[in-house]
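Below you'll find the structure, written out as structure tokens, and then a few comments.
Per chain, numbering begins at 1; letters A, B, ... match sequence-line order.
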Number of protein chains: 2
Amino acid sequence: MTKRVTIADIAARAGLSKGAVSYALNGQPGVSESTRQRVLRMALEMGWHPNSAAKALSGARAGAFGLVLARSPATLGVEPFFMKLISGMESAMAATQTALLLQVVADHDVEIATYRRWWAERRVDGVFLIDLRCDDCRVPVLEELKLPAMVVGGPGHHGTLPGVWIDDAGVMVVVMEYLAALRHRRIARVAGVAGMLHTEVRTRAFEEVCARIGLDGTTVNTDYSPDQGAQVTRRLLSAATPPTAIVYDNDVMAVAGVSVAHEMGVDVPGELSIMAWDDSVLCEIVHPALTAVSRDIDGYGRHLAERLLALLDGQAVTDYENPPPRLVVRGSTARPTAGTV
Amino acid sequence: MTKRVTIADIAARAGLSKGAVSYALNGQPGVSESTRQRVLRMALEMGWHPNSAAKALSGARAGAFGLVLARSPATLGVEPFFMKLISGMESAMAATQTALLLQVVADHDVEIATYRRWWAERRVDGVFLIDLRCDDCRVPVLEELKLPAMVVGGPGHHGTLPGVWIDDAGVMVVVMEYLAALRHRRIARVAGVAGMLHTEVRTRAFEEVCARIGLDGTTVNTDYSPDQGAQVTRRLLSAATPPTAIVYDNDVMAVAGVSVAHEMGVDVPGELSIMAWDDSVLCEIVHPALTAVSRDIDGYGRHLAERLLALLDGQAVTDYENPPPRLVVRGSTARPTAGTV
DNA sequence: CGCGCCAACTGAACCGGATCAGTTTTCGGC
DNA sequence: GCCGAAAACTGATCCGGTTCAGTTGGCGCG
């Protein structure tokens, strides 16, 4: 029972050669249908699974995709985004018996070293590149290695690598027009890390809409941590003419923002409207519940994995834009009370 | 450049046989020190990394550990525990070039199937068993497969598999005595999933302390979701004589609890003290900040990985109890105001 | 009837390491 | 200067699959 079954065992029992069994198991021509059925039945009975190492050594595939996360464990842990993305990816990978290799590293240098090692070790068939930056130094490395990769983010700045993204700029317009319709005139944005493409895309869209509609908009960059989110909020609310609405680039900072407002005696949403980018239970459980940009992250992950699989099959994979996110309105946004405008 | 370097390449360039190169690279006797240095230098120059498949096929190791998470993506995403644990594990695994295979599944049946498949495919050298249950059906499977495993949790109910745990019962005493010292008499516990060992251990400790000190304690089980946390809180606070303190089994439910209190006009901590099991930024960013049981999860993960590595080296690995957690007191707990007791 | 062709199958090589049984070299001791 | 043992190294084999060049057998067809 504790003995692993190999195709040689099946071959012996079926009175066939290893080669024939291999053809039968892989749906290759070269064996009769009746033999194939017999072999398949035996394999099932004997509990055979292909040794992944042997498969990887002879065939082309390692049967695994890699994901490197270059963020602090603290940020990672509290942001639902990553786990949702991962489980989305896996739902697509499960069908093809592809595993996910996860590595949490400190910075991009270690991340690049990981890609090189994985490539040399033939450990993965492809990788997902996450947290795309403007002029990302990881892109040319993956191109040089010819390591199949799907970029989480875009459009642009991912060279020849295919990307999957969500139209952040488009939602930004919806968000800002919504806030403007509520009569907000001074709107602040507590953004994520400067240099990350999605941060820059949102910032540019934010500024364009502000200019177009004639709003007074400010963007402040942070490292996504609730600490910085709280600090920035304090500073914003302490200004002579504080904003009447703040848009946060993730849910955790938005929750921290609500907390600061409480602490400073600022009424939400009466004096201050708060919005979160990315919806999660977090947004629902705070009081007031947060209006949020809700993206289908599970689907995002699924598309990424499906396309990486297609890429390995030699199909031409083009960039893909996910369906646009929805604006989920909850209690944290409202028309500002007379005195505050 | 895009050609992968093998030991045959090194052998050819060094004028040696494959065998000699293998000995040199692995620190085995059989080659002179000067040759070894020369080979090592060449390997470095040529950017050689062992093909993980070939290594796994000939040697014993697959060079990977597996972790299966059988929880809903929603719960996983928002609980910082898992990501912290994972990055702790990896910090110990990085030194030995061991990768982490992550799989998110729906239930224990799929989880067990995953273990069997991994074992048959020789994909992993060992696994971490998480969310241990009383009389866990996964334990006998791993024992039968002789798949090296470290159990996250205990003590007890993990058969012959070594476990690493945190003394929840001990902290429960500290927590309850702290609340009792604040003059709380009616204390509720919003627990996690019934049947999970750590839930049961805490529940038992909770009841024992209540009986000993003479407190009025109630435990309600949930599925860890903020939804249920909120619902249970609403019910508890609607009782004729509501509790003056609630201890939640995770941070997310505690945050939801604060929200419900707000919504019902119950003052925290004046009328109701709230505590979270497991500390995270979440506890710090809500208002009031949550008093919490802070466990060193990173260290937890590190210990688990170190011990699994030791297990593979044939060392005798015994159970291990992590250092006791600390009680981090913040603004959400206080002596209840006169009227409420 | 015999030729050719194709389906069905075999045997061996191969992937890139580890490892072991031999073979050659080195070197110390007498 | 020669012997014997240890050190240094070679060549072959193995791990468990895939794949390809052959081999066999059966059948249709002229």
**Asked** Hey, which of these two, B/Ala120 or B/Val31, hits DNA chain D nearer its 5' end, going by closest nucleotide?
**Response** B/Val31
**Request:** Pick out which of B/Val151, B/Leu142, B/Leu129 makes a side chain to side chain contact (heavy atoms under 4.5 Å, CB included) with B/His158.
**Result:** B/Val151
All N/O pairs under 3.5 Å across the protein-nucleotides 19-24 of chain C interface:
from   : atom 1 : to      : atom 2 : distance (Å)
C/dC20 : N4     : B/Tyr23 : OH     : 2.6

**Request:** Would you list the pairs meeting ring pair (Phe, Tyr, Trp, His ring centres under 6.0 Å) in which at least one residue belongs to residues 10-53 of chain B, sequence neighbours left out?
**Result:** none
**Prompt:** Would you call the rings of A/His303 and A/Tyr320 parallel, tilted or perpendicular, where under 30° means parallel and over 60° means perpendicular?
**Reply:** tilted
**Prompt:** Rounded to whole angstrom units, what separation is found between the CG atom of B/Leu16 and the P atom of C/dT25?
**Reply:** 14 Å
**Request:** Compare side-chain N and O positions of B/Trp48 against OP1 and OP2 of C/dG16 and report whether any pair is under 4.0 Å apart.
**Result:** no
**Fill in**
Taking for B/Ala53 and for A/Arg36 the nucleotide of DNA chain C with the nearest heavy atom, the one nearer the 5' end belongs to A/Arg36
**Asked** C/dG16 P sits how many Å from B/Arg4 CZ, rounded?
**Response** 9 Å
**Request:** Report the distance from atom CD1 of A/Ile10 to atom P of D/dG16, rounded to the nearest whole Å.
**Result:** 13 Å
**Fill in**
Separation between CZ (A/Phe65) and CD (A/Glu90), nearest 0.5 Å, reads 11.5 Å
**Prompt:** So, is A/Ser17 near the phosphate of C/dT10, with a side-chain N or O under 4.0 Å from OP1 or OP2?
**Reply:** yes
**Request:** Please name the residue in the list B/Arg117, B/Arg138, B/Arg71 that meets the salt bridge (charged side-chain N to carboxylate O under 4.0 Å, His left out) test with B/Glu111.
**Result:** B/Arg138
**Prompt:** What is the distance, rounded to the nearest whole Å, between atom CG of B/Asn51 and atom P of D/dG16?
**Reply:** 16 Å
**Fill in**
Between CG of B/Asp9 and C1' of C/dC15 the distance, given in whole Å, is 13 Å
In a table with atom names and distances, give each donor-acceptor pair under 3.5 Å that connects a side chain of residues 10-22 of chain B to protein atoms at least two apart or in another chain.
from    : atom 1 : to      : atom 2 : distance (Å)
B/Arg13 : NH2    : B/Glu45 : OE1    : 3.1
B/Ser17 : OG     : B/Ala20 : N      : 3.3
B/Ser22 : OG     : B/Asn26 : ND2    : 3.4

**Message:** Using the ring pair (Phe, Tyr, Trp, His ring centres under 6.0 Å) criterion, which residues pair with A/Tyr115? Sequence neighbours excluded.
**Reply:** none
**Item:** Steps toward salt bridge (Lys or Arg N to Asp or Glu O under 4.0 Å) verdict (B/Arg116, B/Glu144)
**Value:** CA-CA 10 Å; B/Arg116 290 193 184 280; B/Glu144 171 205 333; 3.5 Å; yes
**Request:** To the nearest Å, give me how far apart CG (B/Leu25) and P (C/dG17) are.
**Result:** 9 Å
**Message:** So if I take every side-chain heavy atom of A/Thr35 and compare against D/dA8, C/dC9, D/dG17, which nucleotide ends up nearest?
**Reply:** C/dC9
Contacts under 3.5 angstrom, residues 306-315 of chain A side chains, donor-acceptor by atom type, not counting sequence neighbours:
from     : atom 1 : to       : atom 2 : distance (Å)
A/Arg307 : NH1    : A/Thr318 : O      : 2.6
A/Asp313 : OD1    : A/Arg61  : NH2    : 2.8

**Complete:** note: A/Gln37, atom CD; C/dA8, atom C1'; distance rounded to Å ~ 16 Å
**Message:** When the axes are fitted on five pairs at both termini, how much does the helix from C/dC1-D/dG30 to C/dC30-D/dG1 curve, in 10° steps?
**Reply:** 50°
**Item:** OP1 or OP2 of C/dC9 under 4.0 Å from side-chain N/O of A/Ser32
**Value:** yes
**Prompt:** Can you tell me how far C1' of C/dC14 sits from CD1 of A/Ile7, to the nearest Å?
**Reply:** 13 Å
